Amino acid sequence: MMTAINPENGVAALARLIAEARSAVVFTGAGISTESGIPDFRSPGGIWTRMAPIYFDDFLASETARRETWRRRFAMEDTFGAAEPNRGHRAVDALVRRGKVGAVITQNIDGLHQASGIPAEKIVELHGNTTYAACLDCATRYAATISFGQAMPQEEMRRAEIATLAADLFIVLGSSLVVYPAAAFPELAKRNGAVLAIVNREPTGLDELADLVIHQGIGDTLGAAVGVN
Ligand code: NAD
């Protein structure tokens with residue numbers, strides 16, 4: 001385990017791990033999109049300091065909860081619609097183009113990895129994305145975001161597991177790593193022998209497990225490590 005280090009050493013150490021890797025996986029959370037203007041949940045000032053999450057069981061049971069879910073959803077539409085990929089997204093895209101990163105596993109629902117140019121087949125969206133909605137009555141399966149307390153999509157979980165087991169370097173960008181089962185992927189990668197690197201402004205649930213922890217912004221850190229502006 002390596003403790004958090006200063007920015008210059010962190011960039012150099014991350015660049016070295018990337019250079020040494022043959023097949024890396026990038027795992028992203030809401031933190032990679034804050035530099036695009038989309039707030040995360042758990043940072044100071046994040047969404048959860050302003051509103052409580054709505055769990056799927058409550059969504060099903062209560063019309064008020066459903067209305068509030070959709071009110072929030074449409075309130076977020078302008079923020080999501082105006083957001084563009086930032087330096088962090090561009091750096092991840094560069095790693096995919098160079099063949100260094102084979103898969104990007106994301107908890108995000110904003111579609112900014114696709115917008116940065118990464119082909120859809122290289123992206124695993126663990127929580128779906130906001131482009132589609134699902135019918136809860138007729139069981140027709142449309143792509144949709146999942147709610148808190150709702151089961152994870154099986155196919156995406158399977159793809160994420162296969163990608164994780166193939167990685168010799170697993171890079172976490174902007175996730176507090178306290179939400180399971182998503183946070184289980186970095187743990188699985190580490191158990192399987194991969195090097196684990198975490199870039200997150202605040203401490204995460206898995207800092208103790210990681211080989212490299214950088215408590216800095218993603219854009220400047222990964223951008224500098226990869227040589228992308
Ligand atoms: P989180 O809010 O739990 O954690 C985000 C972490 O990113 C925080 O620890 C914060 O310190 C860090 N961070 C924020 N900006 C950063 C930056 N510029 N550089 C480095 N670190 C930064 O988010 P999570 O762990 O991804 O999980 C919460 C859930 O929120 C996910 O399931 C996701 O679906 C959902 N969510 C998605 C979006 C989105 O799609 N953009 C936005 C908000 C929430």
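Fair warning: this is a prediction, and the values are worked out from it, not measured in the lab. As the structure lists them, so they are numbered: ligands from 1, and atoms in each ligand from 1.
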Notebook entry, point to check: Does Val228 share a hydrophobic cluster with Leu173, counting links as ILVMFWY side-chain heavy atoms below 4.5 Å and allowing steps through other members?
Noted result: yes
Give the atom numbers and elements of ligand 1 that come within less than 4.0 Å of a heavy atom of [X].
X	answer
Glu202	8 (C), 9 (O), 10 (C), 11 (O)
Gly174	5 (C), 6 (C), 7 (O)
Gly217	19 (N), 20 (C)
Gly29	26 (O)
Gln216	19 (N), 20 (C)

Is the contact between [X] and ligand 1 made by the side chain, the backbone, both, or neither, using heavy atoms and a 4.0 Å cut-off?
X	value
Thr34	side chain
Gln107	both
Ser33	side chain
Glu35	side chain
Ile38	side chain

[atom1]/[X] to [atom2]/[Y] distance, rounded to the nearest 0.5 angstrom?
X	Y	atom1	atom2	answer
His127	Asn108	NE2	CG	9.0 Å
Ser116	Asn86	OG	CG	9.5 Å
Leu165	Phe170	CG	CZ	10.0 Å
Ile118	Asp93	CD1	CG	5.0 Å

Checklist line | Selected option - heavy-atom contact closest to atom 41 (N) of ligand 1, from Thr28, Ile109, Asp110, Asp40 | finding: Asp110
Item checked: Pick from Val172, Ile218, Val178, Asn200: the one approaching atom 7 (O) of ligand 1 most closely through a non-hydrogen atom -> Asn200
Check: Under 4.0 angstrom from ligand 1, any heavy atom of Pro39?
Finding: yes
Next item on the list: Could you tell me whether Arg159 and Glu156 have a side-chain N and a carboxylate O separated by less than 4.0 Å?
Entry: yes
Next item on the list: May I ask you to say whether Arg66 pairs ionically with Glu63, meaning some side-chain N is under 4.0 Å from a carboxylate O?
Entry: no
Item checked: side chain to side chain donor-acceptor pair (under 3.5 Å) partner of Glu125, chosen from Gln107, His113, Gln114 -> Gln114
Next item on the list: Give the C-alpha distance, both sets of side-chain angles, the deciding distance and a yes or no for side chain to side chain contact (heavy atoms under 4.5 Å, CB included) between Asn192 and Thr164.
Entry: CA-CA 9 Å; Asn192 193 47; Thr164 299; over 6 Å; no
